[in-house]
Amino acid sequence: MRRVEHVMGFPVSLRIDDPEIPEGLPDRVYAWLREADERFSPFRPDSEVSRLDRGEIAPGEVSAGLAEVLAIGERYRAATGGAFDVRVPGRSLDPCAVVKGWSVQRAADLLTGAGVRRFCLNAGGDVVVAGGPWRIGVRHPEQAGRVCAVLELTTGAVATSGRYERGDHILDARTGRPAAGLLGVTVVAATLTEADTVATAAFALGPAGIAWAAGQPGCEVYAIDAERRVRRTAGMPLAGPAAA
């Protein structure tokens, strides 16, 4: 089964290879992603995030889901010395850097919870897989249509942060200016919540973010700096000749 829908501003593709799929499961996956977008998008004036930002909801009154998202954001703010922050001074509350990976991982959890054994859930290039091996391309940060690496993963998540899709949208919250020093950071982790947040936080940190991300438990890193040098951890699951 293969299906693609546009959610959260990007295409989300779902492939399930199991011979039997619980009735209505793909519908539930996409329904959850649409719900997450409606509840947590800072671009929707009626979302819970926007209402919290305007003071219409007290911090102690937020839903359990938003409380979890904000707690993750705070954990990485502290871990990066403030480079990663969902509350950049002078800007509205924006937890998107956490919400994407967190919500897609929850969608993947719906699949595994329903007994699905082999699937690939791809949300705008950030991927959760199970039952592999799966081969996952890492997009070249400067040449559209090319990959700079291919990964082979059985179960887990891959996320890449860079500026090639949305320009300078990742800020170093310490300065309020676009992050500099890296062209792309790819992180492999057990969950997309972690992979996506660590990749974004590392990009916000700049060159120091490579070693920082490599030091996060369970994370493997493939990064390209502004001088186009490739840095990667020894455990990065590269496929084919590149693995040597």
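The figures here come from the full heavy-atom set of this structure, side chains too, leaving out hydrogens, waters and symmetry mates. What you see is a predicted model; the values in this text were computed from it and never measured.
Side chains of Arg139 and Thr160: no donor on one and acceptor on the other come within 3.5 Å.
Note that the CG atom of Leu183 and the CZ atom of Arg228 stand 5.5 Å from one another [nearest 0.5 Å]. Between the CD atom in Glu48 and the CD1 atom in Ile57 there is a gap of 5.0 Å [rounded to 0.5 Å]. Note that the CH2 atom of Trp212 and the SG atom of Cys219 stand 7.5 Å from one another [nearest 0.5 Å].
Judged purely by atom type and a 3.5 angstrom limit, Lys100 has no side-chain atom pairing as donor or acceptor with the backbone of Met8. Side-chain N or O atoms of Ser161 include none that pairs as donor or acceptor with a backbone N or O of Val185 at under 3.5 Å. With hydrogens and angles disregarded, no donor-acceptor distance shorter than 3.5 Å links the side chain of Trp102 to the backbone of Gly65. Using a distance-only test at 3.5 Å, with no hydrogens or angles considered, no donor-acceptor pair links the side chain of Arg231 to the main chain of Ala211. Remark: side-chain polar atoms of Tyr30 are paired, donor with acceptor, to backbone N or O of Val12 under 3.5 angstrom. Remark: the backbone N or O of Gly235 is paired with a side-chain donor or acceptor of Glu220 at under 3.5 angstrom.
Side-chain atoms of Thr197 and Phe84, non-hydrogen and from C-beta on, do get closer than 4.5 Å to each other. Contact of the Arg118 side chain with the Asp18 side chain is registered, since non-hydrogen atoms from C-beta on lie closer than 4.5 Å. Proximity of Val86 to Val69: side-chain heavy atoms (C-beta onward) are nowhere separated by under 4.5 Å. Within the 4.5 Å cutoff, no side-chain heavy atoms of Val147 are placed close to those of Val138. In this structure, the side chains of Ile136 and Val150 stay at 4.5 Å or more apart for every pair of heavy atoms. In this structure, the side chains of Val188 and Tyr222 stay at 4.5 Å or more apart for every pair of heavy atoms. A heavy-atom distance below 4.5 Å is found between the side chains of Asp27 and Arg3. Residues Asp126 and Val104 form no side-chain contact, since every pair of their non-hydrogen atoms from C-beta on lies 4.5 Å or further apart.
Other residues, nucleotides and ligands place no more than 12 heavy atoms under 6.0 Å from the CD atom of Glu23. Residue-environment remark: CD (Glu20) stays at or below the threshold of 12 foreign heavy atoms within 6.0 Å. Within a 6.0 Å sphere centred on CZ of Arg91, heavy atoms belonging to other residues, nucleotides or ligands number 12 at most. Within 6.0 Å of CZ on Arg44 lie more than 12 heavy atoms contributed by other residues, nucleotides or ligands.
A pairwise comparison of heavy atoms in Ser50 and Ser41 identifies OG-O, 3.8 Å as the closest pair. Minimum interatomic distance between Ala213 and Val198 (heavy atoms only, all atoms of both residues): CB-CG1, 3.8 Å. Minimum interatomic distance between Leu93 and Pro42 (heavy atoms only, all atoms of both residues): O-CB, 3.5 Å. In plain terms, the two heavy atoms of Asp196 and Ala97 that are nearest each other are OD2-O, 3.9 Å. What you find for Glu194 and Ala189 is that their closest heavy atoms are OE1-CB, 3.9 Å.
A salt bridge links Arg77 to Glu74: at least one charged side-chain nitrogen sits closer than 4.0 Å to a carboxylate oxygen. Checked for salt-bridge contact, Arg106 and Glu68 meet the test: a charged N lies under 4.0 Å from a carboxylate O.
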Steps toward side chain to side chain contact (heavy atoms under 4.5 Å, CB included) verdict (Phe40, Val98)
CA-CA 10 Å; Phe40 305 126; Val98 177; over 6 Å; no
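Both Leu121 and Trp32 are members of a single hydrophobic cluster when ILVMFWY side chains are connected at heavy-atom separations under 4.5 Å.
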